[in-house]
Amino acid sequence: MEKKFHSHIMEIAKEKETELFLTKIIEDRLDILSKNEGLVKMLLSESLRGNLINDINLPEIIFSSLKKGLGYHFELKNQTVDIDFCARQLGGVFLSYVILPNGQRFKKLTKQEKQI
C-alpha cells in the first residue's frame with residue numbers, strides 16, 4: 001500500500017500548473033483508496049485501536065507522501081506554502097471519502113464524473 005502511495009507522487013509533483021497538480025494528486029489518491037477500500041478501512045480501524053505497529057500507520061503513510069509531493073512541487077515553483085496544512089487538508093478529504101462515502105465509489109465513476 002505504501003508503495004502505491006509513493007509510486008506516482010514525485011512524478012505528479014513535476015506538473016507546472018498547481019491546479020492541475022492538485023487535481024492529479026486528488027484523482028490518483030482517491031483511485032488508490034477506492035480500489036483498496038476494504039484494506040484501508042481495516043488498517044484505519046486497527047490503527048485507531050492501537051493494534052498495529054508504527055510502520056503500518058496509514059494516516060502517516062498518506063500524509064508523508066503528500067508532504068513530499070507538495071514540498072517538491074512548490075520548491076520547483078519557488079513558492080513558500082504551509083505544506084503540513086495542505087497535506088492535512090488533502091489527507092482529510094481522502095480519509096473522509098473512505099470513511100464517509102457519498103454515492104457511487106470513485107473507482108466506478110466515469111472520467112467526466114471524476115472531474116466534477
Side-chain angles (χ1 to χ4, degrees):
M1 187 89 184
E2 186 172 7
K3 287 179 184 177
K4 286 185 179 184
F5 268 89
H6 291 296
S7 64
H8 300 290
I9 197 149
M10 296 311 277
E11 194 60 37
I12 294 170
K14 294 176 185 176
E15 173 59 52
K16 293 181 194 277
E17 294 182 43
T18 299
E19 185 177 343
L20 191 52
F21 160 67
L22 293 173
T23 299
K24 286 180 179 181
I25 282 186
I26 291 168
E27 287 178 358
D28 182 66
R29 302 299 117 162
L30 286 177
D31 190 51
I32 290 170
L33 289 170
S34 67
K35 286 179 180 174
N36 298 284
E37 185 178 348
L39 176 62
V40 170
K41 285 182 177 181
M42 185 272 303
L43 288 173
L44 285 173
S45 174
E46 293 302 314
S47 179
L48 291 172
R49 290 185 177 125
N51 294 336
L52 299 176
I53 59 173
N54 288 337
D55 291 346
I56 308 175
N57 182 338
L58 185 61
E60 182 56 36
I61 291 169
I62 292 170
F63 294 132
S64 68
S65 68
L66 285 171
K67 286 181 202 177
K68 287 178 186 174
L70 289 163
Y72 185 64
H73 174 77
F74 290 111
E75 182 180 311
L76 290 174
K77 293 184 64 94
N78 200 26
Q79 293 180 329
T80 303
V81 174
D82 186 343
I83 302 301
D84 197 57
F85 176 78
C86 290
R88 290 191 175 282
Q89 294 300 309
L90 288 171
V93 169
F94 302 147
L95 293 175
S96 70
Y97 191 89
V98 173
I99 295 169
L100 305 168
N102 184 15
Q104 193 173 16
R105 301 284 181 237
F106 189 80
K107 67 181 179 184
K108 294 185 178 182
L109 297 176
T110 66
K111 191 169 188 158
Q112 267 186 329
E113 291 171 324
K114 288 178 181 181
Q115 292 178 346
I116 295 174

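Residues: numbered from 1 along the sequence shown. From a predicted model like this one, the values you see are computed outputs, not experimental measurements.
Judged purely by atom type and a 3.5 angstrom limit, E15 uses its side chain to pair as donor or acceptor with the backbone of E17. Within the 3.5 Å criterion, the main-chain N or O of L30 finds a donor-acceptor partner in the side chain of S34. Without hydrogens or angle criteria, D82 side chain to F85 main chain gives a donor-acceptor distance under 3.5 Å.
Note that OG of S65 is 12.0 Å distant from NE2 of H8, once rounded to the nearest 0.5 Å. To the nearest 0.5 angstrom, I32 atom CD1 is 12.0 Å from E27 atom CD. Atom CG of D84 and atom CD of Q89 lie 10.5 Å apart (nearest 0.5 Å).
Aromatic ring pairs are classed by plane angle as parallel below 30°, tilted from 30° to 60° and perpendicular above 60°; the pair F21 and H73 is parallel.
Looking at heavy atoms from C-beta onward, L70 lies out of side-chain contact with V81 at the 4.5 angstrom threshold. Counting only heavy atoms from C-beta outward, the side chains of F94 and I25 approach each other to under 4.5 Å. Within the 4.5 Å cutoff, side-chain heavy atoms of F74 are placed close to those of I83. For the pair K67/C86, no side-chain contact is recorded, criterion being any heavy-atom separation below 4.5 Å from C-beta on.
The pair K24-D28 does not count as a salt bridge, with every side-chain nitrogen at least 4.0 angstrom from each carboxylate oxygen.
Partners of E46 by side-chain hydrogen bond (donor to acceptor under 3.5 Å, both in side chains), not counting sequence neighbours, listed by chain and number: R49, N51.
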Requested in this report: Would you sort out whether L90 and L22 count as a side-chain contact (heavy atoms from CB on, under 4.5 Å), showing the intermediate values?
Outcome: CA-CA 9 Å; L90 288 171; L22 293 173; 4.2 Å; yes
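Remark: Q79 CD is packed, more than 12 non-hydrogen atoms of other residues, nucleotides or ligands lying under 6.0 Å away.
In terms of heavy atoms, G92 sits closest to F63 at N-CE2, 4.4 Å. For the pair A13 and G69, the tightest heavy-atom approach, listed with the atom from each and the gap, is CB-O, 3.3 Å.
Hydrophobic cluster membership differs between L20 and I9, with clusters built from Ile, Leu, Val, Met, Phe, Trp and Tyr side chains linked at under 4.5 angstrom.
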